[in-house]
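Per chain, numbering begins at 1; letters A, B, ... match sequence-line order. Just so you know, these numbers use all the heavy atoms, side chains as well, and skip hydrogens, waters and symmetry mates.
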Amino acid sequence: MSIRYWLMKSEPGCYSIDDLKRDKKTAWTGVRNYQARNFMRDDMKVGDMVLFYHSNSDPAGVAGVAKVCATAHEDETAWDHNDDHYDPKSTPANPIWVNVDIAFVEKLPQFVSLPEMKAEPELRGMMVLQKGSRLSIQPVTAPQFKWVLRMGGI
DNA sequence: GCCAACGTTGGC
DNA sequence: GCCAACGTTGGC
């Protein structure tokens, strides 16, 4: 099975590409959406490549590249009462939420903004460009991934 | 800060 | 199982 490509959203005020660069890698905890969880649990494999997307920022867009460095495992923040993403439905005996780990690869020489991506005919159909696209983890095709990297100066 | 789009919850 | 109400996301 060849590697897959993904887009993962993060609010830079919460966790940015610079934070990932500093940390080298991070556990992608806190996802509380079943569709996004299922992508992590069922489809994401070590070596898969990730567009690191800054959402809710000015401008929003792709800031860097990461790769999956650990497959899905139990998201322990779900049963931490003090965590923002605490979910009483999930327990160690009956875990609901999982997370992958991702590692820093590089920061794009040029940030690729959402308006720039919308203007690219090659990227038409990309999930993040669709109206109302709120999913925080999205599949990306290989050509879309490569095109965004090219736009970002790689 | 506004608001449209979406997901989830809960009454029936 | 329907659907209204609500909370959240995220672009603008």
Side-chain angles (χ1 to χ4, degrees), chain A residues 4-23 26-44 48-68 72-102 104-141 143-153:
Chain A
R4 300 193 197 203
Y5 299 89
W6 306 94
L7 179 145
M8 296 170 86
K9 296 180 185 174
S10 182
E11 299 194 16
C14 180
Y15 196 84
S16 72
I17 189 70
D18 292 320
D19 293 323
L20 183 60
K21 183 176 185 179
R22 180 199 62 219
D23 295 343
T26 194
W28 206 253
T29 57
V31 172
R32 299 293 179 264
N33 171 282
Y34 288 102
Q35 217 179 334
R37 178 204 66 177
N38 292 348
F39 280 135
M40 289 199 285
R41 187 190 61 191
D42 303 334
D43 298 317
M44 293 179 87
D48 283 5
M49 300 302 291
V50 175
L51 296 174
F52 194 100
Y53 180 89
H54 283 178
S55 63
N56 243 321
S57 68
D58 190 19
V62 176
V65 182
K67 68 178 170 187
V68 176
H73 50 92
E74 292 172 12
D75 181 347
E76 300 180 9
T77 66
W79 52 74
D80 178 355
H81 286 252
N82 298 318
D83 194 276
D84 286 343
H85 303 283
Y86 170 66
D87 181 358
K89 295 195 298 298
S90 184
T91 63
N94 207 352
I96 296 174
W97 304 111
V98 300
N99 66 274
V100 299
D101 295 353
I102 62 170
F104 177 77
V105 174
E106 60 191 319
K107 184 172 176 176
L108 292 183
Q110 299 153 234
F111 182 84
V112 179
S113 74
L114 187 58
E116 286 169 340
M117 289 196 285
K118 282 183 175 166
E120 278 297 317
E122 309 283 341
L123 298 181
R124 203 169 291 154
M126 202 171 164
M127 194 181 287
V128 75
L129 305 184
Q130 310 310 310
K131 184 173 179 162
S133 173
R134 287 173 30 178
L135 197 59
S136 66
I137 298 177
Q138 308 179 350
V140 170
T141 67
Q144 288 165 352
F145 183 87
K146 286 168 185 158
W147 197 266
V148 172
L149 259 54
R150 181 200 294 271
M151 291 172 72

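- A donor-acceptor pair is defined here as one N or O able to donate and one able to accept, closer than 3.5 Å; such a pair exists between the side chain of A:D48 and the backbone of A:R4.
- A donor-acceptor pair is defined here as one N or O able to donate and one able to accept, closer than 3.5 Å; no such pair exists between the side chain of A:D80 and the backbone of A:T77.
- Rounded to an integer number of Å, the gap from A:H54 NE2 to C:dC12 C1' is 19 Å.
- When the P atom of C:dG10 is taken as reference, atom CD1 of A:I137 falls 11 Å away, rounded to whole Å.
- Residue A:L129 contributes atom CG, which lies 12 Å from atom C1' of C:dG11 at whole-angstrom precision.
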Practice prompt. Run the numbers on A:F52 and A:W6 for ring-ring contact (aromatic ring centres under 6.0 Å, His included), then give the verdict.
Written response: CA-CA 9 Å; A:F52 194 100; A:W6 306 94; over 10 Å; no

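- A:R37 contributes no side-chain N or O that, together with a main-chain N or O of A:V31, makes up a donor-acceptor pair within less than 3.5 Å.
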Fill in: Base-contact (B) and sugar-phosphate-only (S) positions in nucleotides 3-9 of chain C, heavy-atom cut-off under 4.0 Å, - elsewhere
----BBB

Side-chain donor-acceptor contacts of residues 105-115 of chain A below 3.5 Å, not counting sequence neighbours, with atom names and distances?
residue, atom, partner, partner atom, Å
A:K107, NZ, A:D18, OD1, 2.9
A:K107, NZ, A:D18, OD2, 3.4
A:S113, OG, A:E116, N, 3.3
A:S113, OG, A:E116, OE1, 3.4

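- Between A:K131 and A:K89, the residue whose closest nucleotide on DNA chain B is further toward the 5' end is A:K131.
- Although no hydrogens or angles enter the test, the distance criterion places a donor-acceptor pair under 3.5 Å between the side chain of A:S10 and the main chain of A:Y15.
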